[in-house]
Structures are given as structure tokens and as C-alpha cells.
Protein chains: 2
Amino acid sequence: MEVRRRHTHQRQLVLDAVLARSDHPTAEDIFTDVRTKDAKISRGTVYRNLNLLEESGLISSVHVPGGNRFDWRTDDHSHVVCTSCGAIADAPLPSDNQLDSLASSHTGYKISSHSTVFYGLCPACQRDAVRNQDAHKHA
Amino acid sequence: MEVRRRHTHQRQLVLDAVLARSDHPTAEDIFTDVRTKDAKISRGTVYRNLNLLEESGLISSVHVPGGNRFDWRTDDHSHVVCTSCGAIADAPLPSDNQLDSLASSHTGYKISSHSTVFYGLCPACQRDAVRNQDAHKHA
DNA sequence: GTGTTTGCAAACTTTTTGCAAACAC
DNA sequence: GTGTTTGCAAAAAGTTTGCAAACAC
């Protein structure tokens, strides 16, 4: 019944790669990073290990439009996603920490986690938006 | 500059199909529903119209693992997703409605919306889990 | 008539999977 | 030795897109 999990070179590389980044990388990002250390590792192995590491609670992930993003942080916090460039940043936790039990009693679901994602424009894309506006005015 | 949007048979069918369901259907669900009314409508048209209707603010969507789910409700509320069967239910809004400005001031993003998703087991899957447990015990 | 929308099929993106060989314990 | 993990390549799942014909206004 117990799942015995082996310690492999590849697994360690994937974990290290996630821990080394604070920009909420995609699976593909991690694949690219890990490839620089082990030219033979396969995409399938990276995906499998990302999922296993998440199940083990060593890393976490955020579901956003465009795919799954990984996070070395496993504590409870929220995220902001740029709807223009896809950048993700950490955001403070919504103050109310009885959210889960509230949602549970309201729906009958047995809640085990939650995720709050804010959508908006990152600072860089805000600047780009202004620049494009100006370009139009001056055209 | 203004986008002129035409009223087509297909667009109306897609909108009607979303409004007719309260179970947060996938694009494929809507495609299937609409197909019963118009055997010729194409998948591409359904996807295009779901996106256009969402942009217009007539419907909304929730990003969850496994894809995008549509919602006839456009008011601010949260969702619970079953991690076993994918069922989605509505949940009450987190009480704090200054969340956006809090996240904004913390990250520098210009926030336009947010989405809170709870993960857990729906009532039916909770029952199934108990049943499987029992089966093991008696084996 | 003009410009938008459709149907179709192909392409794309992200992720999963079957299998035999390689590896960890 | 036993059972897990890997690499590979194929396939799956979800969604987007190019184009000519059809349609809305």
C-alpha cells in the first residue's frame, strides 16, 4: 500500500531546478533548465517528477490559463497573473483563514486546499500599454 | 477601433446553451449541446463564440485543471472543484472585497479580477472513497 | 457591397502514457 | 532480484487558426 519512492538523479535535478527559481516556471521552463545539467533527461521524466514532487508536498503548483506553473513555496499564499505576458508574482494571503470550512459547509465538498489567483497587468505591461496608447495618439 | 459584433444564429445558440446549464460545462459540453440544435455548427465556432461572449461579459469562465469551464453567472463568486470527478459547484464570495486593491498595492499589478477555487471531494466522491475503503477492509 | 462570421481541417500547446531497458534498494 | 524509474516516441486532450464560402448589416 505504501508507495516507496526512490531517490534518482533526475528527480533531484527537477527538485533543484524548481527550488532555484522564484518566477513560477512552467514545466517546459524546468525541462530547459534541467537539460543544461543532464542532456539526456526526457520531457516525460520532468513532467512525472514535477507531479510526484507536488504530491509529496515538496513543491506546489498554480493552475493558470496557458498551463500549470510551479512554485518552490508550499505555504498558503495567492498569486497575481499578468493577462498580457503571463508573468506571475506572489500575493498576500486573503485574511480570512476560515475560508475552507465556510466553502465546505456551504457546498458539502470536503475541501483540502484553495487557490486565489488575481488577473491583471504587470508593471512592465502597464508601461507597454501606455506606450502603445501614445503611439496611437501621435499617429 | 470599435469592434462591431454581429448577431448570428450560432452565437445565440452558444449563449443559450451556457445559460441553460448550471453545472459549469466545458467547451466540449457546450459543443455537444449546441449540436443537438444545429447539426452543422463547428467546434471552432463554439470556441470562438465562447471566448467572444466572455469578452463581452455575457458569460464568465473558471480555469481549473483539465481546462476552462463556463458559467452563466457573471457576478463575483468562487468555486469548489472535485479533484476526483471534476464536478464544480458555486461557493460564497470570500468576505474581504478589498482583496484586489490589497493585491495590487502589494505587487504593483493593475488587477482587474480574481478567482478563488477550492479543491476537494464532492459528496458523491466522498461516498465512493468510503466504499472503496470498506472493500479493502473486507478483502 | 463591405466586413464579419462560419465550417472545415490542419496545426498547435501542454501533458500523459506504453513499453523495454536501466536503475535503486 | 524486485519493483520503480527512465527515455523515447506516440498519442491524448484542449484549443487556436488559415482560408474560402456564407452571411449580417
Side-chain angles (χ1 to χ4, degrees), chain A residues 1-18 24-56 58-71 81 83 85-86 88, chain B residues 1-18 24-56 58-59 61-71 81 83-86 88:
Chain A
M1 198 80 268
E2 281 273 330
V3 179
R4 183 172 299 285
R5 210 150 270 173
R6 292 184 177 170
H7 184 172
T8 65
H9 180 56
Q10 290 89 338
R11 188 114 77 217
Q12 187 65 49
L13 284 178
V14 171
L15 176 56
D16 289 347
V18 175
H24 307 84
T26 63
E28 191 67 22
D29 290 333
I30 295 300
F31 174 64
T32 304
D33 286 359
V34 167
R35 267 285 170 132
T36 66
K37 305 244 175 144
D38 176 348
K40 287 290 177 52
I41 199 170
S42 75
R43 197 174 262 101
T45 296
V46 170
Y47 274 91
R48 274 184 291 232
N49 278 313
L50 285 170
N51 289 339
L52 288 173
L53 290 167
E54 185 182 0
E55 275 173 40
S56 308
L58 292 168
I59 62 175
S60 67
S61 76
V62 203
H63 281 276
V64 297
N68 209 0
R69 306 282 290 259
F70 294 89
D71 196 341
V81 184
T83 50
C85 73
I88 299 191
Chain B
M1 199 81 267
E2 282 273 329
V3 179
R4 183 171 298 286
R5 208 150 271 174
R6 292 182 177 170
H7 184 170
T8 65
H9 179 55
Q10 291 90 339
R11 186 114 78 218
Q12 186 66 48
L13 284 177
V14 171
L15 177 57
D16 289 347
V18 175
H24 306 82
T26 63
E28 192 68 24
D29 290 334
I30 295 300
F31 174 64
T32 304
D33 286 359
V34 167
R35 268 283 171 133
T36 67
K37 306 244 174 144
D38 175 349
K40 287 291 179 51
I41 199 171
S42 76
R43 197 174 261 101
T45 296
V46 169
Y47 274 89
R48 274 185 291 235
N49 279 313
L50 285 170
N51 289 338
L52 288 172
L53 290 166
E54 186 183 359
E55 274 173 41
S56 308
L58 292 168
I59 63 176
S61 76
V62 203
H63 280 277
V64 296
N68 209 2
R69 307 281 289 258
F70 294 89
D71 195 341
V81 184
T83 50
S84 179
C85 73
I88 299 191

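Everything numeric in this text was worked out from a predicted model, so none of it was measured. By convention in this document, chain letters (A, B, ...) are assigned in the order of the sequence lines, proteins followed by strands, and residues within each chain are numbered from 1. Side-chain atoms are counted along with the backbone in the values below, which use heavy atoms only and exclude waters and symmetry mates.
Residue B:N51 places no side-chain N or O under 4.0 Å from the OP1 or OP2 atom of D:dT15. Here B:Q10 does not reach the OP1 or OP2 of D:dC23: none of its side-chain N or O atoms lies under 4.0 Å away. Taking only side-chain nitrogens and oxygens, A:T8 comes nearer than 4.0 Å to OP1 or OP2 of D:dT6. Close to D:dT15, at under 4.0 Å from its OP1 or OP2, lies a side-chain N or O of B:Y47. Residue A:R11 places at least one side-chain N or O under 4.0 Å from the OP1 or OP2 atom of D:dT5.
The closest side-chain heavy-atom distance from A:V18 to A:L53 is not below 4.5 Å. Residues A:T26 and A:D29 form a side-chain contact, since some pair of their non-hydrogen atoms from C-beta on lies under 4.5 Å apart. Here the side chains of A:L50 and A:I59 are in contact, with some heavy-atom distance below 4.5 Å. No side-chain heavy atom of A:K40 sits under 4.5 Å from any side-chain heavy atom of A:R35. Between A:Y47 and A:N49, the closest side-chain pair of non-hydrogen atoms is not below 4.5 Å.
With hydrogens and angles disregarded, a donor-acceptor distance shorter than 3.5 Å links the side chain of B:R69 to the backbone of B:H24. Looking at B:D33, its side chain never comes within 3.5 Å of a backbone N or O of B:I30 through a donor-acceptor pair. Between the side chain of A:T32 and the backbone N or O of A:E28, at least one donor-acceptor pair lies under 3.5 Å.
Taking every heavy atom of residues 38-45 of chain B and every atom of DNA chain C, pairs under 4.0 Å involve B:K40, B:I41, B:S42, B:T45, by number.
Residue contacts shown for B:H7 are limited to sugar-phosphate atoms, with no base heavy atom under 4.0 Å away.
One interatomic measurement links the two molecules: CG of A:L50 to P of D:dT6, which rounds to 11 Å at whole-angstrom precision. Between B:N49 atom CG and D:dC23 atom C1' the separation is 14 Å, expressed in whole Å. Going from atom CD1 of B:I30 over to atom C1' of D:dG14 covers 15 Å, rounded to whole Å. As rounded to whole Å, 12 Å separates atom C1' of D:dT5 from atom CZ of A:R5. Across the protein-nucleic acid pair, A:E28 atom CD and C:dT16 atom P stand 13 Å apart, rounded to whole Å. Atom CG of A:N68 and atom P of C:dT15 are 6 Å apart (whole Å). One can place CZ of B:R48 at 8 Å from P of C:dG7, the figure rounded to the nearest angstrom. With rounding to whole Å, A:E55 atom CD is found 14 Å from D:dT4 atom P.
B:L13 pairs in a side chain to side chain contact (heavy atoms under 4.5 Å, CB included) with only one of the listed residues (B:Q10, B:H9, B:R11), which is B:H9.
Taking a pair as Watson-Crick or G-U wobble with both distances under 3.5 Å, the runs of three or more consecutive pairs in DNA chain D are C:1-25 with D:1-25.
If you find the closest nucleotide of DNA chain D to B:G66 and to B:H9, the one lying nearer the 5' end belongs to B:G66.
At a cut-off of 3.5 Å, with distance as the only test, no side-chain donor of A:E55 or A:N51 sits close to an acceptor on the other residue.
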